[in-house]
Trainee: 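Provided herewith is a single structure, encoded as structure tokens, for subsequent inquiry.
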There are 2 protein chains.
Amino acid sequence: MNMKIGTLASHTGLSIQAIRYYEQQELVPTPGRSSGNYRIYDETSVKHLVFIKHCRNLGLSLEEIKALLRVRTKPDETCSEINHIIDHHVAVVDRRLTELQELRQQLGALRTKCGENQAAKDCGILRELFEITSP
Amino acid sequence: MNMKIGTLASHTGLSIQAIRYYEQQELVPTPGRSSGNYRIYDETSVKHLVFIKHCRNLGLSLEEIKALLRVRTKPDETCSEINHIIDHHVAVVDRRLTELQELRQQLGALRTKCGENQAAKDCGILRELFEITSP
DNA sequence: ATTGACTCTCTAGCGACTATAGGGTTTATG
DNA sequence: CATAAACCCTATAGTCGCTAGAGAGTCAAT
């Protein structure tokens with residue numbers, strides 16, 4: 001059942017350095033060591049790190065994930081903090097989505113300003129970029 | 001017509017440090033200096049920096065902006081590199097948009113798993129986060 | 001003469017890692 | 001049993017696009 005960091009890395013899809021970084025940032029407990037000072041992990045570590053990875057895929061920061069993990073160790077507290085973290089993150093994602101959609105539109109408009117191989121001095125994109133003054 | 005860095009900053013909406021950073025990264029030419037070693041700018045500098053700011057608002061990296069500025073100084077070359085930069089950036093934005101939309105959906109689904117003030121041990125969000133194994 | 005506002009350079013810090021250097025350990029093969 | 005390959009260790013520097021701060025100099029007004 002025991003494994004070293006390389007095996008854990010391939011089981012979780014994380015890099016070895018990322019795992020050590022999470023340990024340093026106290027997102028995972030300091031693991032035991034072998035006689036040769038190698039980190040030793042087990043199935044619990046895999047689950048723990050997969051949880052972290054999944055949260056990272058959702059765009060949560062390490063601090064937010066840390067908060068989620070803290071709540072998990074106090075199972076009798078209410079989970080309003082969890083809801084709060086997720087709600088906050090949803091708001092961040094929604095804001096970012098709106099920004100990116102506006103951006104996409106501007107880029108699309110910009111792209112139509114220039115054909116394939118004009119001389120740069122006639123390039124509509126450059127002209128446009130120099131003329132637009134308001135963001 | 002001449003101005004110091006603070007005036008340039010308020011004319012462009014950039015921070016003083018950002019302007020100095022752009023100079024260091026060679027996005028703007030090294031400006032002249034006053035007798036007291038103050039950077040001296042003019043209207044051209046304003047245009048130059050507004051161009052950069054506009055590109056940053058579009059999400060272009062400083063390296064990409066540098067490439068655009070390089071093409072601008074060679075007005076007889078074709079602007080295919082410009083098109084290439086913009087096309088590449090559109091692709092990046094589109095990919096990011098798709099990712100964020102998926103993310104948003106997953107977060108929305110997750111949020112329905114838990115009401116307001118359950119005990120953490122019964123929180124559907126935590127359970128969900130621990131069970132989902134594929135990203 | 002002094003205050004206050006402005007500017008200078010240099011350095012450190014953010015977040016979430018990645019990459020490297022320079023070593024030690026374990027495992028497989030000859 | 002010797003050695004080479006594969007793995008692991010710590011510590012440090014780098015990424016990007018800035019921001020914030022220290023400690024010093026410059027300039028305008030009172």
Side-chain angles (χ1 to χ4, degrees), chain A residues 2-28 30-42 45 49 51-69 85 88-89 92-93 96 99 103 135, chain B residues 2-28 30-42 45 49 51-69 85 88-89 92-93 96 99 103 135:
Chain A
N2 283 359
M3 61 186 102
K4 287 179 284 184
I5 200 167
T7 314
L8 181 62
S10 56
H11 275 41
T12 58
L14 295 164
S15 74
I16 289 175
Q17 298 101 308
I19 294 171
R20 290 199 280 239
Y21 180 70
Y22 293 158
E23 179 186 333
Q24 189 200 321
Q25 299 300 303
E26 301 182 341
L27 274 96
V28 288
T30 55
R33 297 285 180 133
S34 73
S35 58
N37 200 32
Y38 286 8
R39 289 170 179 84
I40 301 295
Y41 300 96
D42 57 12
S45 320
L49 282 166
F51 174 87
I52 294 173
K53 193 190 179 191
H54 186 56
C55 293
R56 289 293 298 136
N57 284 341
L58 290 174
L60 294 168
S61 71
L62 295 193
E63 274 310 311
E64 286 169 324
I65 298 171
K66 225 161 152 176
L68 292 182
L69 288 166
I85 290 172
H88 174 76
H89 192 61
V92 170
V93 169
R96 187 71 187 124
E99 286 169 8
L103 199 60
Chain B
N2 282 359
M3 60 187 100
K4 288 180 283 185
I5 198 166
T7 314
L8 180 61
S10 56
H11 275 40
T12 57
L14 294 164
S15 74
I16 291 176
Q17 298 100 307
I19 295 171
R20 290 198 280 239
Y21 180 70
Y22 293 159
E23 178 186 334
Q24 189 198 321
Q25 299 300 305
E26 302 184 339
L27 272 95
V28 288
T30 55
R33 297 284 179 134
S34 74
S35 58
N37 201 32
Y38 287 6
R39 289 171 179 82
I40 300 295
Y41 301 96
D42 58 12
S45 320
L49 281 166
F51 174 86
I52 293 174
K53 191 190 180 192
H54 185 57
C55 292
R56 289 292 298 138
N57 284 341
L58 290 174
L60 294 168
S61 71
L62 296 192
E63 274 310 311
E64 286 171 324
I65 298 171
K66 224 162 155 178
L68 291 182
L69 288 166
I85 290 172
H88 173 76
H89 192 61
V92 170
V93 169
R96 187 74 187 122
E99 285 169 9
L103 200 59

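Treat the numbers as computed from the prediction; the structure is a model and nothing was measured. Just so we're on the same page: letters track the sequence lines, and every chain starts at 1.
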Trainee: Would you grab the first and last nucleotide of DNA chain C (5' to 3') that comes under 4.0 Å of any non-hydrogen atom in chain B?
Mentor: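 Nucleotide range with atoms under 4.0 Å of chain B: C:dC6 to C:dT9.
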Trainee: Does the protein touch nucleotides 19-30 of chain D at the base, only the backbone, or not at all? Give it as B, S and - per nucleotide, heavy atoms under 4.0 Å.
Mentor: BB----BBS---
Trainee: For the CD atom on A:Gln25, are there more than 12 heavy atoms of other groups (residues, nucleotides or ligands in this structure) within a distance under 6.0 Å?
Mentor: yes
Trainee: Write down the distance between CD (A:Gln24) and C1' (D:dC9), rounded to a whole number of angstrom.
Mentor: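 These atoms are roughly 14 Å apart.
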Trainee: What distance do A:Met3 atom CE and A:Ser45 atom OG have between them, rounded to the nearest 0.5 Å?
Mentor: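 If we round to the nearest 0.5 Å, A:Met3:CE and A:Ser45:OG are 6.5 Å apart.
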Trainee: What distance do A:Cys55 atom SG and A:Ile85 atom CD1 have between them, rounded to the nearest 0.5 Å?
Mentor: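 Result: 9.0 Å between the selected atoms.
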Trainee: Can you give the donor-acceptor pairs under 3.5 Å from side chains of residues 14-22 of chain B to other protein atoms, not counting sequence neighbours?
Mentor:
residue, atom, partner, partner atom, Å
B:Ser15, OG, B:Ala18, N, 3.0

Trainee: Between B:Tyr41 and B:Ile5, is there a side-chain heavy-atom distance shorter than 4.5 Å?
Mentor: yes
Trainee: What pairs with B:Glu99 under side chain to side chain donor-acceptor pair (under 3.5 Å), at least two apart in sequence or on another chain?
Mentor: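 Applying side chain to side chain donor-acceptor pair (under 3.5 Å) to B:Glu99 gives B:Arg96.
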Trainee: Can you tell me the distance, in whole Å, between the CD atom of B:Gln25 and the P atom of D:dC16?
Mentor: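 Distance check: B:Gln25 CD to D:dC16 P gives 9 Å.
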Trainee: Please check if the side chain of B:His89 supplies one atom and the backbone of B:Glu64 the other of a donor-acceptor pair under 3.5 Å.
Mentor: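 A pair under 3.5 Å: no.
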Trainee: Measure CD/B:Glu23 against P/D:dG17 and give the value in whole Å, please.
Mentor: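 Spelled out: CD on B:Glu23 to P on D:dG17 is 18 Å.
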Trainee: What distance separates B:Glu23 CD from B:Leu49 CG, expressed to the nearest 0.5 Å?
Mentor: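 It comes to 10.0 Å.
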Trainee: How many angstroms lie between CD1 in B:Ile40 and NZ in B:Lys4, if you round to the nearest 0.5 Å?
Mentor: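 Interatomic distance, B:Ile40 CD1 to B:Lys4 NZ, rounded to 0.5 Å: 7.5 Å.
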Trainee: Looking at CD of A:Glu26 and CG of A:Leu62, how far apart are the two atoms once the value is rounded to the nearest 0.5 Å?
Mentor: 12.5 Å
Trainee: Report the residues that fulfil side-chain contact (heavy atoms from CB on, under 4.5 Å) with B:Ser10, sequence neighbours left out, ordered by chain and then residue number.
Mentor: none
Trainee: Distance check needed: D:dC16 C1' versus B:Glu63 CD, whole Å only.
Mentor: 11 Å
Trainee: Atom NZ of B:Lys53 to atom P of D:dG17: distance rounded to whole Å?
Mentor: 17 Å
Trainee: Using five pairs at each end of the helix from C:dA1-D:dT30 to C:dG30-D:dC1 to define an axis, what is the angle between those two axes, to 10°?
Mentor: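 Rounded value for the end-axis angle: 30°.
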